[in-house]
Number of protein chains: 2
Amino acid sequence: MEPSPKRMPTLDEVAARAGVSRTAASRVINNAPHVSRAKREAVQRAVRELGFVPNPAAQALATRKVGAVVLAVSSDEPGLFADPFFAEVVVGVSAALEQTDLELILLLANTPRGRERFERLLRSRRADGVMLMALRGDDLLGRLCQEAGLPVVFGGLPLTGEPTWYVDADNRGGARLAAEHFARTGRRRPVMITGQVDARASVAREQGFTDGLTLSGLPLLGVEPGQFTEDGGAAAMERLLRAHPDPDAVFAASDAMAIGALRTLRERGLRVPEDVAVIGFDDLASARHTSPPLTTVHQPVRALGQEMARMLVGAIEGHRPSPLILPTRLTVRESAPDLPVQA
Amino acid sequence: MEPSPKRMPTLDEVAARAGVSRTAASRVINNAPHVSRAKREAVQRAVRELGFVPNPAAQALATRKVGAVVLAVSSDEPGLFADPFFAEVVVGVSAALEQTDLELILLLANTPRGRERFERLLRSRRADGVMLMALRGDDLLGRLCQEAGLPVVFGGLPLTGEPTWYVDADNRGGARLAAEHFARTGRRRPVMITGQVDARASVAREQGFTDGLTLSGLPLLGVEPGQFTEDGGAAAMERLLRAHPDPDAVFAASDAMAIGALRTLRERGLRVPEDVAVIGFDDLASARHTSPPLTTVHQPVRALGQEMARMLVGAIEGHRPSPLILPTRLTVRESAPDLPVQA
DNA sequence: GAAGTTGTTGGAAGCGCTTCCAGTTCTGGG
DNA sequence: CCCAGAACTGGAAGCGCTTCCAACAACTTC
């Protein structure tokens, strides 16, 4: 009962029990060649009987491979990780790693102390590779990884530069779908709520929305940043209404902000979708349950996590770099229905 | 640029550069005694100049301490982790660990494969301790940890037994507050939505609600399980309405279920809080933004994570066991206001 | 039947760090 | 000025596993 660090059997004991050399035993547990069938089986039996599990520290020391990767989330807001988006990414990453024998180390690098620990982690080779999310601005975490000579895959593009390994959603294409949907359903006075100005995803979504509008011959009446938060979205919506009294469509660069916008619109007595249509971005679970249910650009968040992990495994195994862009699509619900609304 | 596993300096090189023995250098980096001031400074300089960081694998091998703990989340639903609740716990855990030099390994043990990996993780001593969350029913993960002789702290009590180390919220007391609030504000026909029947938190909340009702001399008209999900809560509400046509108060064992109940009530044309008051449990961020805003029992989720981590550190350091119950309190918002409502 | 081939085997040298222990140097009190 | 005791010092033996390498054994192929 007492947490006594019970000593586990070692490879030597396994070898002794199986009547072979330590070398042979090692070969068996790594199923390497050059072991006769008989000895192999003897070793396997001994492993089973003793309940032997190799000591990862010893393996790491000998092979210089630690059997773990880190998922680092960097942001200024301590609470940002609480965003369901990240939880979903983690689920994806975890699912992909489950197929391997890599452990997942999670690091929230939002405080100075956190960053320091991250750097230490890299330099100490405690992980075989790194997944990096939510880089803001000219975040130097990426550079740190490069310097440490560890494989890094980015989740979402950083603001500047194009890393060799990354997976991202088609932000620009998805935002364009939103614009086209507005045009198709007869909206004429769209506005937009963006995220932080130094977030590349936000920039790409604004870009894509503008693309789509231009192609449809529509103007963009106004743009306000909303910090990717619900309250930020609500505030942005207020600012927009003040500056542009009569929008009939609003595209928010995230569901959270769209929900905030919904709130403001309701408070101002504007009906959704009759007076103004609303489209969000992400398609989180909560988008299904707003009132009215939110039309939104769906991005495959869990898949994003999965692909990041898979890609990292590839990078560790020495594959050639190949970035990945995951498709987005429009999920139409009532906040911006398919058919033009008769006001 | 190429991820070449750059070789890092070793203790020997540090020692050589500082002109001391490897032993002395080791003492300095662990700031152990028995090193003269002069040598200590020489070593520190060498460490700085070389950018030396001790190799954790080697340290682990020599000390039998790996410098990592694991947070294991077990559940049958693969998506459960996506619950903002867990994200929040992770933030707390992470914040507490940041003060130490323990790394956080995250393991989602919802698949059979996941459980297998968890067991392997334990037996291989890849972590110095374990935090276990969301044990369902007679989950044997806890037992596994005990057997491995690793310190374990439970987040929330398991269904059976009372582990020596755990931190939990005062579920029973919180639920009782909900009942008392109903009684105080003139509600007379309360019903309740519980979570899974084999979740101890759910049981405790039901218990507490009953306690409070009994004390106030109120009956409990009906109880339905809602799986802790929004849709489950909505469905439970429907069943309750069918069986008990005229409740004037509903207590849900989680915010998600309360939100589901809100939806059903709205669809049925019942006004909240005029016709029926609603109280949830958790006080997640989303509770603030429902319509009407949700009155709910607040539990300090992030603190829960923090305390789990702190407690685990204590357990690893050999302190004496001391379970912890975190206080809950009622956050009153409009779905169940403070003053009796004039219908 | 000699000369290769191909496949096994285990000894031994690490991987990088901690720590026991025996020996050495400093103290200050007598 | 001598000596007990405290404070340093570094050699060496691990921690548990991988892997190079030299030595062998078992088969082929002319």
Side-chain angles (χ1 to χ4, degrees), chain A residues 5-44 46-47 50-68 101 120-121 123-128, chain B residues 5-44 46-47 50-68 101 120-121 123-128:
Chain A
K6 237 189 302 183
R7 217 181 55 73
M8 298 302 291
T10 72
L11 191 57
D12 277 305
E13 304 180 52
V14 170
R17 177 164 194 127
V20 305
S21 71
R22 192 226 317 278
T23 308
S26 171
R27 288 196 181 107
V28 173
I29 70 166
N30 295 308
N31 48 71
H34 305 305
V35 183
S36 67
R37 195 177 158 73
K39 299 215 173 201
R40 188 172 296 269
E41 277 165 4
V43 171
Q44 281 161 345
V47 165
L50 261 38
F52 170 79
V53 176
N55 177 324
Q59 289 190 128
L61 192 54
T63 61
R64 293 145 176 286
K65 291 237 145 254
V66 302
D101 36 40
R120 224 183 145 71
L121 187 77
R123 309 185 54 100
S124 71
R125 301 212 98 60
R126 211 187 175 73
D128 296 322
Chain B
K6 238 189 301 180
R7 215 180 58 71
M8 299 300 292
T10 73
L11 230 205
D12 277 305
E13 306 180 49
V14 170
R17 176 162 193 131
V20 305
S21 72
R22 193 228 316 283
T23 307
S26 171
R27 288 198 181 106
V28 173
I29 70 166
N30 295 309
N31 49 70
H34 303 306
V35 182
S36 66
R37 194 178 159 73
K39 298 214 173 199
R40 188 171 296 269
E41 277 166 2
V43 172
Q44 281 161 345
V47 165
L50 260 38
F52 170 79
V53 177
N55 177 323
Q59 290 189 129
L61 193 54
T63 61
R64 293 146 175 288
K65 292 239 146 249
V66 302
D101 37 39
R120 222 184 147 71
L121 186 77
R123 308 184 53 100
S124 69
R125 301 210 98 60
R126 210 185 176 66
D128 296 322

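Below, read A as the first sequence line, B as the second, and so on, with proteins coming before strands; counting in each chain starts at 1. The model shown is predicted, which means the values in this text are computed figures rather than measured ones.
Residues B/Asn30 and B/Gln59 form a side-chain contact, since some pair of their non-hydrogen atoms from C-beta on lies under 4.5 Å apart.
Between C/dC15, D/dT9, C/dT9, one nucleotide has an atom nearer to the side chain of A/Arg64 than all others, and that is C/dC15. When distances run from any side-chain atom of B/Phe52 to the nucleotides D/dG16, D/dT9, C/dC17, the shortest one goes to C/dC17. Considering only side-chain atoms of B/Val20, the nucleotide from D/dG10, D/dC17, C/dC17 that sits closest is D/dG10.
Between B/Lys39 and the phosphate of D/dG10, there is a side-chain N or O to OP1/OP2 separation shorter than 4.0 Å. Contact check, B/Gln59 against C/dT18: a side-chain N or O comes under 4.0 Å of OP1 or OP2. Of the side-chain N and O atoms in A/Ser36, none sit less than 4.0 angstrom from OP1 or OP2 of C/dG7.
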Should A/Arg125 and B/Asn55 be marked as a side chain to side chain contact (heavy atoms under 4.5 Å, CB included) after you check the CA-CA gap, both sets of side-chain angles, and the distance that decides it?
CA-CA 7 Å; A/Arg125 301 212 98 60; B/Asn55 177 323; 5.9 Å; no
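Remark: P of C/dC15 and CG of B/Asn55 are 12 Å apart, rounded to the nearest angstrom. We find that CZ of A/Arg37 is positioned 17 Å from P of C/dG7, with the value rounded to whole Å. In this structure, B/Arg125 places its CZ atom 14 Å from C1' of D/dG16, rounding to the nearest Å. Distance A/His34 NE2 to D/dT18 C1': 14 Å, rounded to the nearest Å. Protein atom CG of B/Leu61 is 14 Å distant from nucleotide atom P of D/dG14, rounded to whole Å. Going from atom CG of A/Asn31 over to atom P of D/dT18 covers 12 Å, rounded to whole Å.
Note on residues 8-21 of chain B: pairs passing side chain to side chain donor-acceptor pair (under 3.5 Å), not counting sequence neighbours, are B/Arg7-B/Glu13, B/Asp12-B/Arg22, B/Arg17-B/Glu49.
In the helix from C/dG1-D/dC30 to C/dG30-D/dC1, the rotation axis of the first five pairs and that of the last five pairs differ in direction by 40°, rounded to 10 degrees.
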Under 3.5 Å between N/O atoms: give me all the protein pairs with nucleotides 19-26 of chain D, atom names plus distance.
{"residue": "D/dT19", "atom": "O4", "partner": "A/Thr23", "partner atom": "OG1", "Å": "3.2"}

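Mapping B/Ala58 and B/Gly19 onto DNA chain D via the closest heavy atom, the residue that lands nearer the 5' end is B/Gly19.
Residues A/Pro54 and B/Arg120 come closest through the heavy atom pair CD-NH2, 3.9 Å. Across every non-hydrogen atom of B/Val66 and B/Ala127, the tightest pair is CG2-CA, 3.4 Å. When all heavy atoms of A/Ser124 and B/Pro56 are compared, the closest pair comes out as O-CD, 3.0 Å.
In this structure, CD1 on B/Ile29 lies 5.0 Å from CG on B/Leu11, to the nearest 0.5 angstrom. Atom CZ in B/Arg37 sits 10.0 Å away from atom CZ in B/Arg40 (nearest 0.5 Å). The distance from the NE2 atom of A/His34 to the OG1 atom of A/Thr23 is 12.5 Å, given to the nearest 0.5 Å.
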